[in-house]
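Worksheet: the structure to be examined is printed underneath.
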Amino acid sequence: MDVDQATQIDLFALAPELAVLGASLLVLLIELFLHGPRKRFVNPIAVLGVLVAFGFVVALWLDGAQRSSFGQMFVVDDYALAFKGFFLAVALFVLLISYRYFSEIRTFQGEYYFLMLAAFLGMMLMPSARDLVMLFIALELVSVPGFIMAGLRKFDLRSNEGAMKFFLFGVLSAAVLLFGLSIVYGFTGTTTLEGVAASLSAGEANPLLLAATLFVIAGFGFKVSAVPFHFWAPDTYEGAPIPVTAFLAVASKAAGFAGLLQVTFVAFEPLADVWAPVLGVVAILTMTLGNLTALTQTNMVRLLAYSSVAHAGYVLVPFAVVQPGDAALNADAFSAVLVYLFAYGAMNIGAFAVVIAVARRHPGRRVSDYAGLGQRSPGLAVALTTFLVSLGGIPPLVGFVAKLAVFFVAVEAGTTLGIVLAAAVAINTVISLVYYLRVARVVWMEEAPEPEPEPVQPGLALGFTVGGLAVVTVALFVLAPLLWGAADQAVLIASG
Amino acid sequence: MADLPLLTLLIAVPAAVAVLVAAMPRHAVGPIRSVSLVGSLVTLGIAVAIVAAFEVGQPGFQLEEQAAWIPQWGISYRLGVDGISLLLVGLTAFFMPLVVLAAWHQQERAKGFFVSLMAMGAAMLGVFLALDLILFYVLFEAMLVPMYALIGIWGGKQRRYAAIKFFLYTLIGGLLMLVAILYLYWSAGAQGFDYDLLRGLDLTGTEQLWLFLAFFAAFGIKVPIFPFHTWLPDAHTEAPTVGSVILAAVLLKIGGYGFLRFSLPYFPEATLTLAPWMLALGVIGVLYGALVAMVQRDIKRLIAYSSVSHLGFVVLGAFALNQTGAAGSVVQMVNHGLSTGALFLLVGFLYDRTHDRAIASYSGIMRATPVFGGLFLVTAMSSLALPGLNGFTGEFPILLGTFEALPLAGVLATLGVILAAIYLLWAYQRMFHGPVEGRAVGLTDLTPREVGVVAPIVVLMLVIGVYPGPLYERVNPTVEALVDEVVAVAEDADLATLRHLTGDAGADAELVIDPPADDEVAVDDEEVSR
């Protein structure tokens, strides 16, 4: 690779990222000149930036060519575009659910939207990163704004505590990750993912190298809140502003999985014999612990937090069945992860949107606040039930398609571990429905306290998000081929 | 007429009505129930058209419809109806207008009630028609939420407990079945989930055994088979009248249907191996259900346990592995639906008036309300299989078939018929005879609407009781083909595998294989003695 090529920058390939970057700076700047309630108008600017970026993603997709910049560090292919489209859609919904919440809190609006867009910038770099250094930069760009956003409710001790925990765990895992990366580089002499893979399959497995791969995986395990790196999650989720919680539970987690996909399926694929069983055990622990802890929660946000830990466990299942050299199986596993993440994004943001709407009336966020919601706000109640049942994986909702995808590869692998994982997912699904249905029961089968609280008014942006995502949750079940087709298209290993 | 996609319409109409009702304003109770009634009558009309279009004497699937759904994994939308499903579809569609009428005065949250009812209808009809295993699974699980709502929102005191118990029991069985379905898919070379594609796979004995057990988890809980029955009395007792009727008349049939549709043809070897166990579970169900029913103080609980007992007969018929038994078991499903459905309706009418279900609270109802008493008597007689009424036409062939397969099981199951007579007549005597006392004082007789709900069922009971021929004409070809297939496998099977599985398969295999001709038995003996 000559110098010219290495420094060549394809601006079109970078356009979505540049749009988000531009919007984030604009938001920070304009907020300075707005006063009082007008500060909320930075939200539409951020939304606009996201929409423009989305337009560029669509244009790149229509263009169809595989592009790259900065040497081979930054690649735009179907995989990257699928994730970018997903992240931007998530960004749109997160911004929509933030609007009312932050305009009512009236603090740090400019900073919040700037940090949020910066984090999404990191996410968009993540699937394009085909180099360990680039991956690390992207991961940190997602994490660092998260630390601050988690602590934005400065007046609330829980928010401070959550942000502190998040930060300490975050820097620790970043250190572990970097340590692992440096060892990998030392052994393979390269930082590109494909180069690492080639070197690993050629050389012999060294114990230190194996440990290094596990370090790297542990670093991402923190990001996706897999057991035993999940301790920060419930406290941070509970303390953070709810839109930030939705962001952490969906977007940040999906970004972690994007990175993990690239590292495990591409770079460390030759060592899958070692890390896949480890991830299998982690998957079982994660889903079981998440679900069992969620059972006892009385706080709605904590309940969703533990449920999102459990879902990370389900997403890890396809990782655990990867076998070195079996491209067909690995491609199916890869596709299953994508299907699960896309489905999970829709239903989980929806659930958080309803929580935000209800939290305006009931700041305590207790599950018991939802009593009689079916009578007071039937629309929200139907939507919440849809999201929860979908999270439980009951047809005819998209959550079922996601579970099916995971079952599919687990059984396809045909190994004992695969069958055990399938059984674990089945049992965990039953456990999870106990608490999902407990919420549904409170919503529909319990009387509202006297005097009956006012109906919850979600407002336009929230109402649109809740309604739109509820429709998506149903529609993606019927249109499962579309979802699946997109995932199959975006599988990275066929090309890599 | 023949060009219309009748089967799709049959599912789409109630589904569309559910959506329509959901879009109607909450307080428009009148229009909501009218729309529901019209929708259910249209559904019934389509079902009648299907029955008319069904060609008698064909064993295979008819009126098939197919479209790709998730092509990359070969998941398709395939519907079809054969002799077994035709009867159950008819039963389901027949009950839909009746339950709407029975719930006519539902005031409390009527909209959600009718939405759940119609959604249930669509899913239940779909389950019987689906010929793609993923589609089947989807519809199988899609029933859970509306039924959960029906029990949990409109049920009795313990409704929340009963609803979640129902949900989780069914779900865990269903998920194990899903894993088994996926295993079948990969075993079949990952081509698709079509019913016929996954049939007759070359599976080892051990694989068959495990897969059979996974499917058994789903269907055995649904039937329910002892010892997986504990959710049923709770669900039945706590559900509103209409919920109990749907449970009894249709939902429980999915278990029996699943055995005949999937377990038998998919895992013939495992079926043969386990048939004696299944017969034993069936007999236990029959006797246990009857004995527990006898000591119930709550009339609704009594009927719930009588359900456990009567559905034990369905299991017996299915696993007798001869045509008599299997055909009887399909007809028994219809009959049980009619008689138990009617019993739940009648008890519901009584409960609406007095809000008391204790048997001891009533005496002399017959004198107070003769129409109600008379209808109850006919229904009870049908339930205890009095010859001339429908119950007999299903149970008798089952007993014959069971006796042929395993005489001891036949003898014990016959005891169940006697016990049914005891508990039903005893309860009838306590509640309906004697001086008018307790809650029976001042009881008003059935309104024309209520009579109108039960009368069609009673008419069908009499018709089927006198002339069950049309049912058997439609069931027999399908069942015959099914049983022949299983028995043929028994002959071809390497019985060494069976022996390996059971330790001593010789005796078992001999007992369950229906010996149609002497030379075939000889083959079996030869195989066994090898």
Side-chain angles (χ1 to χ4, degrees), chain A residues 328 332 335 374-375 378 381-382 385-386 388-390 392-397 400-401 403-414 418-419 421-423 425-434 436-438 440-446 477-485 487-489, chain B residues 15 22 26 68-73 75 77 109 111-112 115-116 119 122-123 126 134-145 148-149 151-155 159-161 163-164 167-187 190 193 210 214 217:
Chain A
D332 281 349
S335 167
Q375 300 288 320
V382 167
T385 313
T386 308
L388 291 176
V389 172
S390 178
I394 301 290
L397 301 164
F400 168 70
V401 179
K403 283 261 163 63
L404 185 63
V406 167
F407 271 127
F408 223 85
V409 282
V411 180
E412 179 183 6
I419 301 291
L421 283 166
V425 174
I427 293 166
N428 268 284
T429 302
V430 176
I431 301 175
S432 73
L433 272 155
V434 174
Y436 291 134
L437 287 179
R438 184 160 57 91
R441 190 193 74 200
V442 172
V443 168
W444 292 103
M445 301 174 196
E446 281 178 16
F477 170 79
V478 184
L479 302 176
L482 272 183
L483 180 67
W484 229 312
D488 278 345
Q489 282 290 309
Chain B
R26 213 171 349 163
W69 180 25
I70 306 185
Q72 54 262 58
W73 285 359
I75 300 175
Y77 171 85
R109 303 168 81 172
K111 176 172 146 176
V115 170
S116 305
I134 293 293
L135 184 67
F136 174 80
Y137 177 80
V138 165
L139 292 163
F140 184 84
E141 299 280 277
M143 284 180 308
L144 288 181
V145 175
Y148 174 74
I151 300 175
I153 300 181
W154 295 278
R159 58 182 186 266
R160 288 165 199 158
Y161 169 75
I164 192 108
F167 196 106
L168 296 179
Y169 261 76
T170 318
L171 182 73
I172 193 153
L175 283 168
L176 291 175
M177 177 176 75
L178 179 62
V179 173
I181 290 175
L182 292 172
Y183 194 91
L184 282 175
Y185 168 83
W186 291 113
S187 305
F193 290 92
W210 282 104

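By convention in this document, chain letters (A, B, ...) are assigned in the order of the sequence lines, proteins followed by strands, and residues within each chain are numbered from 1.
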Once you round to the nearest 0.5 Å, how far does [atom1] of [X] lie from [atom2] of [Y]?
X         : Y         : atom1 : atom2 : result
Thr429(A) : Glu141(B) : OG1   : CD    : 9.5 Å
Leu404(A) : Ile70(B)  : CG    : CD1   : 7.0 Å
Leu433(A) : Tyr148(B) : CG    : OH    : 9.5 Å
Ile164(B) : Leu437(A) : CD1   : CG    : 4.5 Å
Ile427(A) : Leu176(B) : CD1   : CG    : 7.5 Å

Segment of [X] engaging chain A (4.5 angstrom heavy-atom cut-off):
X         : value
Ile134(B) : side chain
Val138(B) : both
Ile181(B) : neither

Closest approach of Pro395(A) to Tyr137(B) (non-hydrogen atoms, all atoms of both residues): CG-O, 4.4 Å
Selection from Trp154(B), Tyr183(B), Tyr185(B) maximising heavy-atom pairs under 4.5 Å formed with chain A: Tyr185(B)
Just by modelled atom types, is the [Y] backbone N or O under 3.5 Å from a matching donor or acceptor in the [X] side chain?
X         : Y         : result
Arg26(B)  : Gln375(A) : yes
Trp69(B)  : Val478(A) : yes
Arg160(B) : Met445(A) : yes

Side chain, backbone, both or neither: which part of [X] has a non-hydrogen atom closer than 4.5 Å to chain B?
X         : answer
Leu479(A) : neither
Phe408(A) : both
Val430(A) : both
Val382(A) : neither

Tyr161(B) atom OH, neighbour heavy-atom count above 12 within 6.0 Å: no
Trp186(B)/Phe407(A) aromatic ring centres below 6.0 Å: no
For chain B, the option from Pro396(A), Gly374(A), Pro481(A), Gly414(A) that forms the most heavy-atom pairs under 4.5 Å: Pro481(A)
Close side-chain approach of Ile394(A) and Phe167(B), heavy atoms under 4.5 Å: yes
